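Reading through the structure tokens given below for one structure.
Small disclaimer: the values here were computed from a predicted structure and weren't measured. By convention in this document, chain letters (A, B, ...) are assigned in the order of the sequence lines, proteins followed by strands, and residues within each chain are numbered from 1.
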Protein chains: 2
Amino acid sequence: MSLRYAILGTLSTSASSGYDLARQFGLGLGWFWSASHSQIYPELRRLEDAGLIEGSVTTVGEKLEKRVYAITPTGLDELVAWVSQPPQYRPNRDPERIQLIFSDLAGAESVRRHLEAHVEYYVRRRDQVRQTRDLISAGKHARVQLRVAGRSPAEHAFTLLLREIAYDGDVERAELEIAWAQRALRALDEYERRYRSQGEPVANAAETV
Amino acid sequence: MSLRYAILGTLSTSASSGYDLARQFGLGLGWFWSASHSQIYPELRRLEDAGLIEGSVTTVGEKLEKRVYAITPTGLDELVAWVSQPPQYRPNRDPERIQLIFSDLAGAESVRRHLEAHVEYYVRRRDQVRQTRDLISAGKHARVQLRVAGRSPAEHAFTLLLREIAYDGDVERAELEIAWAQRALRALDEYERRYRSQGEPVANAAETV
DNA sequence: CCGACCATGTAATATGTTACATGATTGT
DNA sequence: ACAATCATGTAACATATTACATGGTCGG
């Protein structure tokens, strides 16, 4: 059900078209939730049928139709009820870790490549999230500006605080992943020093029997 | 496709029934991959049709049938090819963060409850993962013992190393989440001190207009 | 005029959850 | 006997990915 609330949340900042939402889920918000347009358009219809949002058709240029959806009071109630719920932790699915723990079949070089790619991915991610976080702190993030427009200083500060907490957490996660992978690479070096040229992959051994 | 490889990986340690796999995915391995029996049984059939595993029927007691699946050489090749691939990072979906960033609509008390639940969840998780990690390091983890049985000291050490790296990473992630949430709780205290009784939820304000 | 982008949809397939369904074994 | 656990499946539904499909606008 989270797609539904990710959409409602975005619309609680400003009315948007499906296309806009798809872009949001690909940019800043994409670190926390992503969805493709093929998932968004049908969901918007369902939300409208449920009375949680209301669409209006506008035209761009001469003929190009655009449906802009706004959240309704009912929709806002639903959203508030959802965010107030205790978090529900879903079962974990971590393909990278599965790859890693079964990589004893593939050997140290494969693990090294895996960990190096891990560092690379999270360095990029950390930098991008940090950039967004800094924009927010500086009060220059367009959508956050939109969200706090017309609110009291206390509300303004509260919105900013929550965003900073969320983005900081993501930056820290990325930093952890980088540090972890680098430590793992050093442990791998240590392993190779100790067992030089004896660490052949198990599967190769099996294949050559 | 990861369910497929999570199963192949588990079977590369020892032949198992669907029921056994479902249990594995609920226990230790469940931190990295989980699946329910209704997903496992059909997947086992598909893996068998693809020639990656081979099932044999045994009987428990008088009548109770049990299908035990073993990985085939083709299956092992497939698994090795998969773990050797660079990691493929899937789009993020983090319902808790979505809840948090839109919680400016619900107020500080709601956020406090959210963060406290977060700490509670990750403390439990950290303790459980750490326990498993310690079992592995001590050489007392039954399935890891099974996996390294008959291997050279170098291979043995390599398997152990990878498991330690993986489980350590999960413990560290949990510790990060705990520290992050506790810091966020302090920041929330600070906020409340500063804006005492002005921090009413935005949605309440909207409702009472 | 043409390429990048705006804009909205559907279809087929893959993946994952919850509920329904059945029956045997083991230990107390 | 009875409860907990072993053991295997299907069905309905929800969620997510990839591919197919169409056409308009805007700036250079």
Checklist entry - In terms of side-chain heavy atoms, does A/Y5 have a donor or acceptor partner in A/E78 at a distance below 3.5 Å? => result yes
Checklist entry - Are A/R67 and C/dA7 close enough that a side-chain N or O sits under 4.0 Å from OP1 or OP2? => result no
Checklist outcome for this item: Heavy atoms of A/R143 and A/S14 approach each other most closely as NH1-OG, 3.5 Å
Checklist entry - Taking the nucleotide of DNA chain D with the closest heavy atom to each, which residue, B/P91 or B/V68, is nearer the 5' end? => result B/V68
Checklist entry - Within the structure shown, what part of the strands sits under 4.0 Å from A/R23 by heavy-atom distance: base, sugar-phosphate, or nothing? => result sugar-phosphate
Item to check | Salt-bridge criterion met for A/R125 and A/D170 (N-O under 4.0 Å) | outcome: yes
Item to check | Distance test, side-chain N/O of B/S17 to OP1/OP2 of D/dC6, below 4.0 Å | outcome: no
Next on the checklist: Salt bridge or not between A/E177 and B/R173? Use side-chain N to carboxylate O under 4.0 Å.
Outcome noted: yes
Checklist entry - Which whole-number value in Å describes the distance from B/E62 CD to C/dG23 C1'? => result 15 Å
Next on the checklist: Rounding to an integer number of Å, can you tell me how far A/K66 NZ sits from C/dG9 C1'?
Outcome noted: 17 Å
Checklist entry - Atom NE2 of B/H37 to atom P of C/dT17: distance rounded to whole Å? => result 13 Å
Checklist entry - Between D/dA7, D/dA16, C/dT17, which nucleotide gets closest to the side-chain atoms of B/V60? => result D/dA7
Checklist entry - What integer distance in Å separates A/Q88:CD from D/dT15:P? => result 13 Å
Checklist entry - Taking atom P of C/dT17 as reference, at what distance in whole Å does atom CZ of B/R93 sit? => result 13 Å
Checklist entry - OP1, OP2 of C/dT8 versus side-chain N and O of A/Y41: anything below 4.0 Å? => result yes
Checklist outcome for this item: Which of D/dT10, C/dT25, D/dA7 is nearest the side chain of B/K63? It is C/dT25
Item to check | Short side-chain N/O contact to C/dT17 OP1/OP2 from A/R90, under 4.0 Å | outcome: no
Checklist entry - NA contact type, A/S38, heavy-atom cut-off 4.0 Å: base, sugar-phosphate, or nothing? => result base
Checklist entry - How close or far is atom C1' of D/dG24 from atom CD of A/E65, stated in whole angstroms? => result 11 Å
Checklist entry - Over how many whole Å does the gap from A/Q39 atom CD to D/dA19 atom P extend? => result 16 Å
Next on the checklist: Please classify the nucleic acid contact of B/R46 as base, sugar-phosphate, or nothing, using heavy-atom distances under 4.0 Å.
Outcome noted: nothing
Checklist entry - Please give, in whole Å, the distance from D/dC13 P to A/M1 CE? => result 16 Å
Checklist entry - Got a sec: does the CD of B/Q88 have more than 12 other heavy atoms crowding it under 6.0 Å? => result no
Checklist entry - Start at the 5' end of DNA chain D and walk down; is the nucleotide closest to B/L64 or to B/Y69 reached first? => result B/L64
